[in-house]
Amino acid sequence: MNEAVEIVNADARPFLRELDTGSFDIVLTSPPFREEDIEGDYWEFYDAIHHEILRVTAKAAFIIQSATHLNTLITQYQPDRTLIWGKKVSQYPYRYNPILCFQVDGEYSLEKRIWTDAIGIPSVPPGQKMHKYQDPVTLYRTILEMVSDCKNVLDPFMGSGTTLVAARQVGMTALGVDHDEDCIEMAKTRLRQETLRNSLIQG
């Protein structure tokens, strides 16, 4: 099983611009939701990173976003499919996040791979979060398992490294990028914990 992961301390926008077109099979990421987390105009920022995400993706991109932006996202960016992450065991709680799915490769059919449009997975309890926006590994792993025939995944807004942990669990190589040095250390810590967990299981 290939479990190679790489972490880069960099700003996502210039970093993405340096990547070749179609560099990664899959992009799985959760970019900043809130205007206060961005310097300058939010939608100018989002438009730029959205364009670059699709450019560097070879097969499909999954972007976890906020329900508060849903109308704008659907009309302006027109995902090929939208999944719903319900933040409880049920798929249909009051609180949810849309997961925008973009099929970049016309031959790579998401319709054949996505087995559910509603995913019911509890959010990470506040007391267990390393990062304030940390999502559950189970959610990211579920998405990556739908595209398990892919070899590598990029997360240009990795935060505490949830995509990297999930990628390791399903045997994909992964690259995580974040401008925050605290996030870099969080991701390294979680990957060390995952390595220890695997050694205990295998031992």
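Because only heavy atoms are used, hydrogens play no part in the values below, and waters and symmetry mates are left out as well, while side chains stay in. This is a predicted model, so every value here is computed, not measured.
- Between atom NZ of residue K151 and atom OG1 of residue T173 there is a gap of 9.5 Å, rounded to the nearest 0.5 Å.
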_Full working for side-chain contact (heavy atoms from CB on, under 4.5 Å) between D11 and F15_ = CA-CA 6 Å; D11 185 271; F15 184 84; over 6 Å; no
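- By the rule that hydrophobic residues join a cluster once side-chain heavy atoms approach within less than 4.5 Å of another member, F102 and I84 end up as members of one cluster.
- Every residue meeting the ring-ring contact (aromatic ring centres under 6.0 Å, His included) condition with Y77, not counting sequence neighbours, appears here in chain and number order: Y46, H50.
- In this structure, the separation between CZ on R55 and OG on S23 is 7.0 Å, given to the nearest 0.5 Å.
- For E44, the CD atom counts as loosely surrounded, since its 6.0 Å shell holds 12 or fewer non-hydrogen atoms of other residues, nucleotides or ligands.
- Hydrophobic clustering (side-chain heavy atoms under 4.5 Å, transitive across Ile, Leu, Val, Met, Phe, Trp, Tyr) groups I49 together with L70.
- At distances below 3.5 Å, not a single donor-acceptor pair connects side-chain atoms of W115 with backbone N or O atoms of M146.
- Atom-to-atom distance recorded for W43:CH2 and I38:CD1 is 11.0 Å, nearest 0.5 angstrom.
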*Report the C-alpha separation of H131 and R190 in whole Å, then their side-chain angles, then the decisive distance to 0.1 Å, and conclude whether the side-chain contact (heavy atoms from CB on, under 4.5 Å) test is met.*
CA-CA 11 Å; H131 187 284; R190 294 184 70 193; over 6 Å; no
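- A 4.5 Å side-chain heavy-atom check between L28 and D155 finds every atom pair outside the cut-off.
- Residues Q193 and V165 have side chains not in contact (no heavy-atom distance under 4.5 Å, counting atoms from C-beta outward).
- Between T189 and R192, the side chains place a donor N or O and an acceptor N or O closer than 3.5 Å (distance only, hydrogens not considered).
- Put simply, the side chain of I7 reaches to within 4.5 Å of the side chain of L191, judged on heavy atoms.
- Of all non-hydrogen atoms in P98 and A67, the two that sit nearest each other are CD-N, 3.4 Å.
- Here the closest heavy-atom approach between residue L110 and residue A60 is recorded as CD2-CB, 3.8 Å.
- Counting all heavy atoms, side chain and backbone alike, N152 lies closest to F24 at OD1-CA, 3.2 Å.
- Between V27 and V104, every side-chain heavy-atom pair lies at or beyond the 4.5 Å cut-off.
- A distance of 4.0 Å separates CD1 in I121 from OG1 in T142, rounded to the nearest 0.5 Å.
- Within the 3.5 Å criterion, the main-chain N or O of A174 finds no donor-acceptor partner in the side chain of R168.
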_Residue pair L164, E194: steps toward the side-chain contact (heavy atoms from CB on, under 4.5 Å) verdict_ = CA-CA 10 Å; L164 306 185; E194 181 65 17; over 6 Å; no
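- Summarising the local packing, CG of D20 is surrounded by 12 or fewer heavy atoms from other residues, nucleotides or ligands at distances under 6.0 Å.
- Side-chain heavy atoms closer than 4.5 Å link hydrophobic residues (I, L, V, M, F, W, Y) into clusters, and following such links, even through other members, never connects L139 to M130.
- Cluster membership check: M186 does not share its hydrophobic cluster with I184, using side-chain heavy-atom separations under 4.5 Å among Ile, Leu, Val, Met, Phe, Trp and Tyr.
- Between E52 and R13 the shortest side-chain heavy-atom distance does not fall below 4.5 Å.
- Note: D47 CG to Q76 CD = 7.5 Å, rounded to the nearest 0.5 Å.
- Both I119 and V170 are assigned to one and the same hydrophobic cluster, defined by single-linkage of ILVMFWY side chains at heavy-atom distances under 4.5 Å.
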*asked:* Is there a side-chain contact (heavy atoms from CB on, under 4.5 Å) between Y108 and R113? Walk through the geometry before answering.
replied: CA-CA 9 Å; Y108 190 78; R113 291 171 170 82; 3.1 Å; yes
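- The closest donor-acceptor contact from the side chain of T163 to the backbone of Y140 lies at 3.5 Å or more, if one exists at all.
- Heavy atoms of other residues, nucleotides or ligands lying less than 6.0 angstrom from CG of D41 number more than 12.
- The local environment of NZ in K188 is sparse, with at most 12 non-hydrogen atoms from other residues, nucleotides or ligands closer than 6.0 Å.
- Of all heavy-atom pairs spanning N97 and S66, the tightest one is ND2-CA, 3.8 Å.
- For the side chain to side chain contact (heavy atoms under 4.5 Å, CB included) test, residues two or more places apart in sequence or in another chain that qualify with R81 are L83, C101, E111, I114, D117.
- Of the possible donor and acceptor atoms, none in the side chain of D178 sits under 3.5 Å from a partner among the backbone N and O of F157.
- With hydrogens and angles ignored, the 3.5 Å screen pairs no side-chain donor or acceptor of E35 with any backbone N or O of Y42.
- Side chains of V8 and M158 form no contact here, defined as non-hydrogen atoms less than 4.5 Å apart.
- Evaluated for a side chain to side chain contact (heavy atoms under 4.5 Å, CB included) with L154, the options D25, I53, L16 yield exactly one hit, L16.
- Here T82 contributes atom OG1 and I99 contributes atom CD1; the two are 9.5 Å apart, rounded to the nearest 0.5 Å.
- At least one side-chain heavy atom of I63 sits under 4.5 Å from a side-chain heavy atom of P31.
- Taking 4.0 Å as the cut-off between side-chain N and carboxylate O, R141 and E145 count as a salt-bridged pair.
- H69 places a side-chain N or O within 3.5 Å of a backbone atom of F33 that can act as its donor or acceptor partner.
- Residue K59 comes nearest to I26 through the heavy atom pair CB-CD1, 4.5 Å, listed as atom of the first residue, atom of the second, then distance.
- Residues Q65 and P32 share a closest heavy-atom pair of NE2-O, 4.2 Å.
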